[in-house]
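Just so we're on the same page: letters track the sequence lines, and every chain starts at 1.
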Amino acid sequence: MSEIQSRNFIEEIIENDLESGREDHVHTRFPPEPNGYLHIGHSKAIWINYGMAKKYKGEFNLRFDDTNPMKEDDEYIRSIQKDIEWMGCSPDRVLFASDYFDYMFECALLLIDKGLAYVCELDAEQMREYRGTLTQPGKESPYRNRSLEENKKLFLEMRDGKYADGEKTLRAKIDMASPNLNMRDPIIYRIMHETHYRAGDKWCVYPMYDFAHPLGDATEKITHSLCSLEFEDHRPLYDWVVDNCECDPKPHQYEFARLNLTRTIMSKRYLKRLVDEGVVSGWDDPRMPTLSGLRRRGYTPESIKDFCERIGVAKANSEVDVRLLEHCVREHLNAEAERRMAVLDPLKVTISNYEGSEMLQSENMPFGDNVTKRQVSFSNEIYIEKSDFMEEPPGKFFRLSPKREVRLKNAYIIKYEDCVKNEKGEVIEVICSLDPDSKSGGPTAGRKVKGTLHWVDAKTALPCEVREYDYLLNDGEGDFMDRMNENSMSVMNSFIERSAKKAQPGEKFQFMRNGYFVVDEDSDGEKLVFNKIVSLKDSFSRTL
RNA sequence: UGGGGUGUCGCCAAGCGGUAAGGCACAGGACUUUGACUCCUGUAUUCGCAGGUUCAAAUCCUGCCACCCCAGCCA
């Protein structure tokens with residue numbers, strides 16, 4: 001956890017508002033459109049809005065900005081709500097923009113009455129021409145100066161279904177010459193003969209984001225509407241709506257930079273493609289950077305919140321190193337995950353001077369107040385990791401080799417005697433002898449050797465499947481769709497010590513030296529399936 | 001070419017006129033029956049660039065440069 005607490009610019013704004021009396025409370029919201037699953041990028045926005053409300057003893061709403069019936073669905077409502085709960089950012093209230101449609105319609109009528117909105121009959125293409133360009137001002141619509149009565153009549157007819165989609169729009173009358181394109185008489189209502197997933201067929205006109213959002217904030221008495229940078233240009237329009245619809249009190253919008261992560265595709269469009277084309281198993285595939293994917297991958301909510309806290313809040317576009325996220329989950333899991341021995345890529349070791357078997361004591365955690373112990377079986381036939389043996393090792397190889405004794409963790413010190421090779425000359429079995437005096441915990445176990453190996457008893461170990469993934473979506477090389485297809489997941493058929501047999505889906509372990517793993521929901525009674533969450537740091541492999 | 005933003009270590013990020021916090025990453029070292037963890041230590045004479053104001057500037061002024069966003073009847 002970061003130690004030095006400095007205020008970010010939003011906290012500064014809020015504290016100034018509170019001190020000056022401009023606001024007497026803090027009320028924020030997270031306003032997703034229910035058209036996709038939440039991903040790690042959203043967690044930043046959630047954390048900021050939730051965090052500010054909690055820090056200043058205010059309220060936090062979840063509001064679904066469901067003003068476009070074309071794209072929205074109930075499935076997304078459920079997943080979004082579940083993911084927010086999982087993150088531990090439960091909203092004080094769950095609301096829907098679609099519940100405000102009546103109010104928004106009244107506001108539109110008010111604008112018409114004030115001469116600030118008009119019904120326009122330009123089609124999409126004409127609208128584009130009239131809007132002008134970045135450098136040239138727009139032209140006023142020929143329908144801009146209708147009478148109040150006519151506007152009202154037409155708008156009511158729009159609502160009553162008298163016109164086809166796109167035939168007419170309601171526009172705010174602001175300034176076609178504004179250098180800010182958003183102020184060039186933006187459309188605030190469009191005709192859509194579409195069934196809304198919640199409102200059904202009640203409406204055939206729907207408000208646009210720029211109109212609906214400030215009104216939604218105002219009705220909910222949001223004080224600080226915190227969103228991402230791309231909405232900066234919309235703020236003047238936000239304020240225009242709030243002012244002219246006579247909202248009281250007035251909410252205010254502030255913007256921060258959204259999260260980008262190295263080696264991670266965050267675009268909803270691409271993520272949807274992966275799901276739709278069946279490249280991944282779904283939005284919760286452990287390779288996905290969605291919150292549901294990360295959850296299944298074994299990331300903990302605590303680690304994600306810690307990550308959000310550490311990346312800070314600012315306005316500079318940035319790309320955060322995914323290794324910070326990994327650090328956060330390692331730090332949390334180091335304290336939470338029980339240790340188990342598992343061998344991912346097995347090499348058989350036979351102990352020549354040992355017979356039978358015995359149970360040995362092993363600690364579930366390497367530290368803590370109530371270290372519990374488990375029993376692991378040991379026999380003359382064990383597996384170690386292939387990478388833990390080298391016939392001709394380089395100088396700094398501390399693991400098993402013809403010239404190096406090693407300790408089997410929680411067991412004995414063993415010494416190389418011989419090895420068996422296949423026809424290709426690869427070592428397929430190592431014969432060792434053990435030092436009976438070196439048994440862990442025994443009175444004469446004090447002898448030190450440089451290396452300690454993890455192992456499983458070949459006679460009792462459980463076969464398991466371990467899935468390892470590429471970076472959240474890609475490794476930065478080539479087309480990510482291709483790479484996802486080819487090598488974004490590798491599957492190892494491995495062995496884990498018998499003591500893991502009761503492991504439940506979602507349970508996290510550290511497979512000593514191999515990293516952190518979670519039991520996947522695909523596990524059944526027959527075979528345990530593990531997702532690799534993240535590797536341990538390994539200063540040995542880094543020096544190779 | 002218009003408007004809105006942003007530029008401080010490889011990546012984030014404090015700093016708000018008094019002489020560059022912190023985290024990640026990295027590099028050394030100590031400890032270790034996880035080469036993990038933990039613990040020390042090191043890492044920007046410099047704040048996009050150039051001028052100016054000042055005893056003093058990353059912080060103020062001027063000019064430039066670079067990058068991001070905006071021309072959906074999406075959010």
Should D306(A) and R310(A) count as an ion pair when the cut-off is N to O under 4.0 Å? yes
Counting any heavy atom closer than 4.0 Å, what does E12(A) reach on the DNA or RNA strands: base, sugar-phosphate only, or nothing? base
Run the salt-bridge test on K55(A) and E11(A) with the 4.0 Å N-O cut-off and return the result as yes or no. yes
Going 5' to 3' through nucleotides 69-75 of chain B and flagging B where a protein heavy-atom sits under 4.0 Å of the base, S where only the sugar-phosphate is that close, and - otherwise, we get BBBSBBB
Indicate, with a heavy-atom threshold strictly under 4.0 Å, whether G515(A) touches base, sugar-phosphate, or nothing. nothing
Calculate the interatomic distance between D538(A) atom CG and C26(B) atom P; express it in whole Å. 12 Å
Please give the distance between the C1' atoms of C64(B) and G7(B) as a whole number of Å. 14 Å
Rounded to whole Å, the CD-C1' distance (E319(A) to G7(B)) equals 16 Å
Classify K409(A) by what it touches in the nucleic acid, base, sugar-phosphate, or nothing, heavy-atom distance under 4.0 Å. base
Whole-Å gap separating P (U34(B)) and CZ (R399(A)): 13 Å
Take atom CG of D388(A) and atom C1' of A36(B), then tell me their distance rounded to the nearest Å. 13 Å
Under 4.0 Å between any heavy atoms, over every strand shown, what does A212(A) touch: base, sugar-phosphate, or nothing? Just pick one. nothing
To the nearest Å, how far apart are E11(A) CD and A13(B) C1'? 13 Å
Salt bridge present between E72(A) and R198(A) (N-O < 4.0 angstrom): no
Options A36(B), U33(B), A21(B), nucleotide nearest the side-chain atoms of L536(A): A36(B)
Name the nucleic acid region contacted by F397(A), choosing base, sugar-phosphate or nothing; use a 4.0 angstrom heavy-atom cut-off, strictly under. base
Whole angstrom is fine here: how far is it from CD in E232(A) over to P in U6(B)? 7 Å
Provide the distance between the two P atoms, one in A13(B) and one in C31(B), to the nearest whole Å. 38 Å
Anti or syn - G10(B), cut at 90° from 0: anti
Between Y130(A) and D185(A), does any side-chain donor sit less than 3.5 Å from a side-chain acceptor? no
Any salt bridge linking D437(A) with R447(A)? Criterion: basic side-chain nitrogen under 4.0 Å from a carboxylate oxygen. no
When you measure from the side-chain N and O atoms of S539(A) to the phosphate of A36(B), is any distance below 4.0 Å, counting only OP1 and OP2? yes
Closest of A25(B), G4(B), U34(B) to the R330(A) side chain is A25(B)
Can a salt bridge be assigned to the pair K168(A) and E157(A) using a cut-off of 4.0 Å between side-chain N and carboxylate O? no
Per nearest nucleotide of RNA chain B, the residue lying toward the 5' end, Q510(A) or A314(A), is A314(A)
Between C11(B) and U43(B), how far apart are the C1' atoms? Round to whole Å, please. 15 Å
side-chain hydrogen bond (donor to acceptor under 3.5 Å, both in side chains) between S387(A) and E385(A), intermediate numbers included: CA-CA 5 Å; S387(A) 57; E385(A) 212 66 61; 5.3 Å; no
Rounding to an integer number of angstrom, what distance separates A58(B) and C73(B) when you compare their P atoms? 47 Å
Using the C1' atom as the reference point in each nucleotide, state the distance between C69(B) and G63(B) in Å, no decimals. 25 Å
Does the ring centre of Y412(A) sit less than 6.0 Å away from the ring centre of F378(A)? yes
Please determine whether a side-chain nitrogen or oxygen atom of H327(A) lies at a distance below 4.0 Å from atom OP1 or OP2 of C24(B). yes
Need one value for R339(A): base, sugar-phosphate or nothing, where a base atom within 4.0 Å counts as base even if backbone is also close, heavy atoms only. base
Taking the P atom in each of A20(B) and C16(B), what is the distance between them to the nearest angstrom? 13 Å
Could you give the OH-to-C1' distance, from Y238(A) to G4(B), as a whole number of Å? 18 Å
Expressed as a whole number of angstroms, how long is the span from F398(A):CZ to U33(B):P? 14 Å
Touch check for R184(A), heavy atoms < 4.0 angstrom, all strands: base, sugar-phosphate only, or nothing? nothing
Rounding to the closest angstrom, what is the interatomic distance between C12(B) and A50(B) at atom C1'? 28 Å
For U6(B), which nucleotide is its Watson-Crick or G-U wobble mate, given both distances must be under 3.5 Å? A66(B)
A20(B) pairs with, by Watson-Crick or G-U criteria that keep both distances under 3.5 Å: none
Roughly how far apart, to the nearest Å, are G15(B) and U59(B) at atom P? 15 Å
When the nearest nucleotide of RNA chain B is assigned to V313(A) and to T452(A) on a heavy-atom basis, which residue is associated with the more 5' position? V313(A)
Between Y299(A) and F307(A), ring centroids under 6.0 Å: no
Could you identify the nucleotide paired to U38(B), looking across every strand shown and requiring Watson-Crick or G-U wobble geometry with both distances under 3.5 Å? A30(B)
Taking the minimum atom-to-atom distance to the side chain of S6(A), which one of U32(B), A14(B), U33(B) wins? A14(B)
Across all strands, who's sitting opposite U43(B) as a Watson-Crick or G-U wobble pair, both distances under 3.5 Å? none
Parallel, tilted or perpendicular: ring planes of H252(A) versus Y254(A), cut at 30 and 60 degrees: tilted
